[in-house]
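Working notes for the structure below.
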2 protein chains.
Amino acid sequence: MCERVVNPPAADVADRLHSAAIRLLRRLRRQDEASGLSGPQASALSVLVFGGPMNLGALAAAEQVRPPTMSRLVREMEAFGLVQRRPDPRDRRGVILEPTEKGRAMFDRARERRLSALSGAIASLPVEDQALMDRAAALMMALARGPALD
Amino acid sequence: MCERVVNPPAADVADRLHSAAIRLLRRLRRQDEASGLSGPQASALSVLVFGGPMNLGALAAAEQVRPPTMSRLVREMEAFGLVQRRPDPRDRRGVILEPTEKGRAMFDRARERRLSALSGAIASLPVEDQALMDRAAALMMALARGPALD
DNA sequence: CACATATAGTTAGCTTAGCTAACTAATTTC
DNA sequence: GAAATTAGTTAGCTAAGCTAACTATATGTG
């Protein structure tokens, strides 16, 4: 009879999403740090693990961070032996970054540890809510990445 | 025929959600700061605007932050005349916080400004995706708040 | 009642993560 | 081959989180 969807105003959705993201990340920080990888480090490392070797600029772009920020993150991860720099044979200004074996192991461990937190919590949601969260994550990624936020 | 839902492993959902939240907030930071309120300030102010006057400990708990962190956020917002401290008549150790008129106005302005960013982007999504984001925000909030992440 | 303990908030000081500006070195372009 | 561009780093700033230690008030108990 009534085909209208009760559609919360976009500004409300935006506010709630914003606050929810802030609080969720605050909450996850402890778990992250206990695993030996900060959130930003884990996120960058996952790009390297899944995306394969790439140079610093590409990684910074993928993570939507400025080069100096990524440079520091990489320096720290390198100091812990988690990533390796190789000179780029095709451009001697550049470097190629890739995870070390230790880096991959650490990433898996952090992932496991997050499993006892976020993914444990997610796993306890009804299946359809899990699917919803997955889709929401994809949408958030697209929003963060797209031109709509300029 | 096949009733099985293709259910991404919870760890994958967790990873994607984690990275998506990090990137979305990074992306929003500029807009936030251009509006004169940082993300954490806007979030705390919204709690005061919608939740009414409360003391510092309650606000810190609502924002899932330690008291010293909230104390600093409040001090900064107070310096800009956005929130007011009143002594708590029932406990002279405590303070009661409430937004000033300027604070409410600033909150609305930040909200508007975010409208030109996040909520503009959200408004351009299909209606069902908007509803999905709203539900996802509620779930994230519940996860951040609940005991599941201990 | 007095003293011990607990609680609300602040201060001090540390860390991490973001940024811009300025620099070096290599590459590309004209 | 000189000029302009690009990749990455260094230096230095700010914001936001934390713990530890402190002050002042409340509360509870012998």
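The sequence lines fix the lettering, A, B, ..., with proteins before strands; numbering per chain opens at 1.
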- Query: With a 4.5 Å heavy-atom cut-off, do A:Leu37 and A:Met106 have their side chains touching?
  - Reply: yes
- Message: From the set D:dA16, D:dA26, C:dG18, return the single nucleotide nearest to any side-chain atom of B:Glu76.
- Response: D:dA16
- Between C:dA8 atom P and B:Arg86 atom CZ, what is the distance in whole Å? 18 Å
- Query: Over how many whole Å does the gap from A:Leu73 atom CG to C:dA17 atom P extend?
  - Reply: 6 Å
- Task: Would you classify A:Pro68 as touching base, sugar-phosphate or nothing, given that sugar-phosphate means primed atoms plus P, OP1 and OP2, and contacts are heavy atoms under 4.0 Å?
- Result: base
- Message: Just the rounded figure in Å: distance from P of D:dA15 to CG of B:Leu28.
- Response: 18 Å
- Under 4.0 angstrom between B:Arg66 side-chain N/O and D:dT19 OP1 or OP2: yes
- Query: Rounded to whole angstroms, how far apart are CE on B:Met70 and C1' on D:dG17?
  - Reply: 11 Å
- Under the 3.5 Å rule, do the base of D:dT25 and the side chain of B:Arg92 count as making a donor-acceptor pair? no
- Query: Going by heavy atoms in the side chains, are A:Met54 and A:Ile96 under 4.5 Å from each other?
  - Reply: no
- Item | Upstream residue (5' side of DNA chain C) when A:Thr69 and A:Arg93 are each assigned their closest nucleotide | A:Thr69
- Across the strands shown, which category fits B:Arg29 at heavy-atom distances under 4.0 angstrom: base, sugar-phosphate, nothing? sugar-phosphate
- Message: Can you tell me whether the side chain of A:Arg26 and the base of D:dG17 have a donor-acceptor pair closer than 3.5 Å?
- Response: no
- Task: State, with a plain yes or no, whether a side-chain heavy atom of B:Asp12 is found less than 4.5 Å away from one of B:Arg16.
- Result: yes
- Under 3.5 Å side-chain donor-acceptor pair for A:Glu76 and A:Gln41: yes
- Item | Integer-rounded Å distance: D:dG17 C1' and B:Leu25 CG | 14 Å
- Query: Atom CD1 of A:Ile96 to atom C1' of D:dG8: distance rounded to whole Å?
  - Reply: 14 Å
- So, do B:Ser71 and B:Leu56 sit near enough that their side-chain heavy atoms are less than 4.5 Å apart? yes
- Look at the side-chain N and O atoms of A:Ser71 and state whether any lies under 4.0 Å from the OP1 or OP2 oxygen of D:dT10. no
- Selected nucleotide, minimal atom distance to A:Val65 side chain, candidates C:dT10, C:dG18, C:dT16: C:dG18
- Base, sugar-phosphate, or nothing: which does A:Asp88 touch, judged by heavy atoms less than 4.0 Å apart? nothing
- Task: Map A:Val95 and B:Pro40 onto DNA chain D by nearest heavy atom, then report which one ends up closer to the 5' terminus.
- Result: A:Val95
- Separation of atom CD1 in A:Ile22 from atom C1' in C:dG18, rounded to whole Å: 15 Å
- Query: Nearest-Å distance, CG (B:Asn55) to P (D:dT25)?
  - Reply: 16 Å
